[in-house]
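These notes concern the structure reproduced below.
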Amino acid sequence: MAAELTSIKLNPESHLILDQPLLRLPHELARRNFKAVQRAVEREKEYVLPALKEAANASLSNTQTPDQTLAALDAMISRMQGLKRKMLSLQEEEKRIQNQSKKRIQHLEALYQIPSLADVKYDQWSRVRLDRLLVDHLLRSGYSESARQLAQERDIEDLVDLDVFTQCQRIVESLQRGDTKEALQWCGENKAALKKSQHNLEFELRLQQYIELVRTEDPMKKIEAINHARKYLVPNSEPDSKQIERAAGMLVFAQDTRAEPYKTFFSPDRWKFLADLFIQTHHELLSLPSQPLLHIALSAGLSALKTPLCHSAYTSSSSNSQSTTTSVCPICSTELNELARRMPYAHHSKSYVESDPIVLPNGRIYGKERLLTISKNTGSESGKVKDPTTGDVFDESEMKKVYIM
């Protein structure tokens with residue numbers, strides 16, 4: 001009885017391992033919003049304080065007319081009004097992030113109020129989490145509208161990252177169309193954070209602009225490409241990178257060259273490389289996992305259930321006409337069998353066997369009493385036993401006692 005209670009006791013900490021990104025992203029968004037406030041205040045401070053001091057000194061020294069002084073004050077007031085509007089917008093964004101964080105904390109806190117896996121509240125909580133994982137998978141797969149509709153229908157909009165992934169997908173699609181404008185704008189907005197990134201995204205985007213200029217084979221465009229390289233590539237290149245030398249070498253090659261690495265540079269596949277690089281950089285900056293959470297959860301579940309029998313030729317499934325069992329193991333099912341093939345087997349620290357184990361000539365082990373009961377119920381002849389998995393029939397005398405060491 002104690003073992004049964006232990007097996008159904010809910011351990012919230014193990015569940016929350018998968019849900020760490022749920023709180024990480026709002027924290028990261030709040031941090032970035034605060035940084036935006038700081039930058040806006042510092043920028044206006046650097047303009048207004050010197051301008052105010054200059055206007056005051058000019059007014060006291062009579063070096064400008066009253067109209068000029070009023071014009072300077074009007075300009076400062078206009079800048080302050082612009083700052084106020086921006087601050088109000090950032091304040092609304094902060095409130096939205098805080099409300100989102102509150103909803104997510106409440107969702108995770110509810111798990112600590114559920115005593116066991118058998119509680120109906122756990123089924124409800126798991127249903128919400130499954131919906132979240134499905135929305136996450138749809139967003140990462142590019143089905144933003146379907147994800148939005150599912151989130152609205154399930155009322156979990158504050159528990160999923162619709163806006164973040166929608167923006168990411170929009171930029172990815174622009175790169176796939178051969179446009180670097182939106183991606184470069186994103187790099188500009190996250191310039192400080194990108195300095196710590198291991199991916200040199202902005203350099204690769206600028207390099208692609210350079211490639212497109214060289215691709216035309218127009219002498220004027222090549223001059224423009226050289227100026228572009230001096231302005232953007234040299235400052236953003238890594239000290240030990242050879243990309244600058246390779247970029248310079250492109251000037252003497254045509255786009256149909258077979259010489260590497262210039263063939264790869266001119267290849268249309270570079271746009272896919274840039275799209276993938278943007279996704280990696282985007283997820284790294286926002287502390288998002290590289291794989292959909294649904295894949296991670298499914299992999300863990302498959303590994304927990306998988307045994308060597310699951311990929312046996314005699315697997316017990318509905319596709320085996322000789323099997324006397326009716327239930328289908330998820331791993332043995334046609335939907336998940338191939339997906340689970342590369343997953344590791346489940347680790348069991350304890351083995352559970354029947355008290356009277358015997359082994360049949362085909363090497364399969366069963367409890368003697370249960371095997372005889374199954375054979376009798378399936379209409380086997382007297383003195384015969386039937387393997388419930390393979391359908392093989394043996395004499396009872398062929399059963400051998402198994403001793404567990």
Please determine whether side chain to side chain contact (heavy atoms under 4.5 Å, CB included) holds for the pair L371 and M399, giving the CA-CA distance in whole Å, both sets of side-chain angles, and the decisive distance to 0.1 Å.
CA-CA 11 Å; L371 180 62; M399 298 188 300; 4.1 Å; yes
Looking at T378, D392, L360, I374, which one forms a side chain to side chain contact (heavy atoms under 4.5 Å, CB included) with K386?
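When T378, D392, L360, I374 are each tested with K386, the side chain to side chain contact (heavy atoms under 4.5 Å, CB included) holds only for T378.
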Answer yes or no: is there a side-chain heavy-atom contact under 4.5 Å between R140 and I279?
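A side-chain contact under 4.5 Å is absent here.
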How about L251 and I226: do any of their side-chain heavy atoms sit closer than 4.5 Å?
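Answer yes - side chains close enough.
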Would you check, one step at a time, whether the test salt bridge (Lys or Arg N to Asp or Glu O under 4.0 Å) holds for E212 with K221?
CA-CA 9 Å; E212 297 307 312; K221 290 290 184 181; over 6 Å; no
If only atom types and distance count, is the side chain of R104 paired as donor or acceptor with the main-chain N or O of V160 below 3.5 Å?
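The answer is yes, because a donor-acceptor pair under 3.5 Å joins these two groups.
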So which atom in D356 and which in E369 form the shortest heavy-atom distance, rounded to 0.1 Å?
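What the structure gives for the nearest pair is OD2-N, 2.9 Å.
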Just one of K84, K86, R79 clears the side chain to side chain donor-acceptor pair (under 3.5 Å) bar with E44, so which one?
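Option passing the side chain to side chain donor-acceptor pair (under 3.5 Å) with E44: R79.
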Would you be so kind as to tabulate the donor-acceptor pairs closer than 3.5 Å made by side chains of residues 179-193, with sequence neighbours excluded?
{"unit_1": "D179", "atom_1": "OD1", "unit_2": "K181", "atom_2": "N", "d": "3.0"}
{"unit_1": "T180", "atom_1": "OG1", "unit_2": "Q209", "atom_2": "NE2", "d": "3.3"}
{"unit_1": "E182", "atom_1": "OE1", "unit_2": "R170", "atom_2": "NE", "d": "3.0"}
{"unit_1": "N190", "atom_1": "OD1", "unit_2": "R32", "atom_2": "NE", "d": "3.3"}
{"unit_1": "N190", "atom_1": "OD1", "unit_2": "R32", "atom_2": "NH2", "d": "2.4"}
{"unit_1": "N190", "atom_1": "ND2", "unit_2": "W186", "atom_2": "O", "d": "2.8"}
{"unit_1": "K191", "atom_1": "NZ", "unit_2": "E202", "atom_2": "OE1", "d": "3.4"}

Between H228 and Y232, how do the two ring planes meet: parallel, tilted or perpendicular, split at 30° and 60°?
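The rings of H228 and Y232 sit tilted, inter-plane angle from 30° to 60°.
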Measure up the H295 and H137 rings against each other and bin them: parallel (under 30°), tilted (30 to 60°), perpendicular (over 60°).
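H295 and H137: tilted rings.
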Show the numbers, then the answer: is there a salt bridge (Lys or Arg N to Asp or Glu O under 4.0 Å) between E28 and R31?
CA-CA 5 Å; E28 181 63 29; R31 188 187 66 80; 2.6 Å; yes
Run the numbers on L83 and V48 for side chain to side chain contact (heavy atoms under 4.5 Å, CB included), then give the verdict.
CA-CA 11 Å; L83 176 62; V48 171; over 6 Å; no
For side chain to side chain donor-acceptor pair (under 3.5 Å), just list the numbers for Q98 and E94, CA-CA rounded to whole Å, side-chain angles, deciding distance to a tenth of an Å, and then say yes or no.
CA-CA 6 Å; Q98 290 177 348; E94 183 179 0; 3.3 Å; yes
Working for salt bridge (Lys or Arg N to Asp or Glu O under 4.0 Å), residues D19 and R132
CA-CA 10 Å; D19 293 309; R132 287 197 296 105; 2.5 Å; yes
Return the CG to OG1 distance between L286 and T281, rounded to the nearest 0.5 Å.
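Rounded to the nearest 0.5 Å, the CG-OG1 separation comes out at 11.0 Å.
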Just wondering, more than 12 heavy atoms not from D155 lying within 6.0 Å of its CG?
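Open.
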Could you walk me through whether K231 and R206 satisfy the side chain to side chain contact (heavy atoms under 4.5 Å, CB included) test, starting with their C-alpha distance in whole Å, then the side-chain angles of each, then the deciding distance to 0.1 Å, before giving a yes or no?
CA-CA 10 Å; K231 183 177 181 180; R206 295 297 185 184; over 6 Å; no
Could you go through residues 109-118 and list every donor-acceptor pair under 3.5 Å that involves a side-chain atom there, pairing it with any protein atom two or more places apart or in another chain?
{"unit_1": "Y112", "atom_1": "OH", "unit_2": "E13", "atom_2": "OE2", "d": "2.7"}
{"unit_1": "S116", "atom_1": "OG", "unit_2": "A118", "atom_2": "N", "d": "3.4"}

Please lay out, stage by stage, how R270 and L207 fare under the test side chain to side chain contact (heavy atoms under 4.5 Å, CB included).
CA-CA 11 Å; R270 248 192 75 83; L207 177 60; 4.1 Å; yes
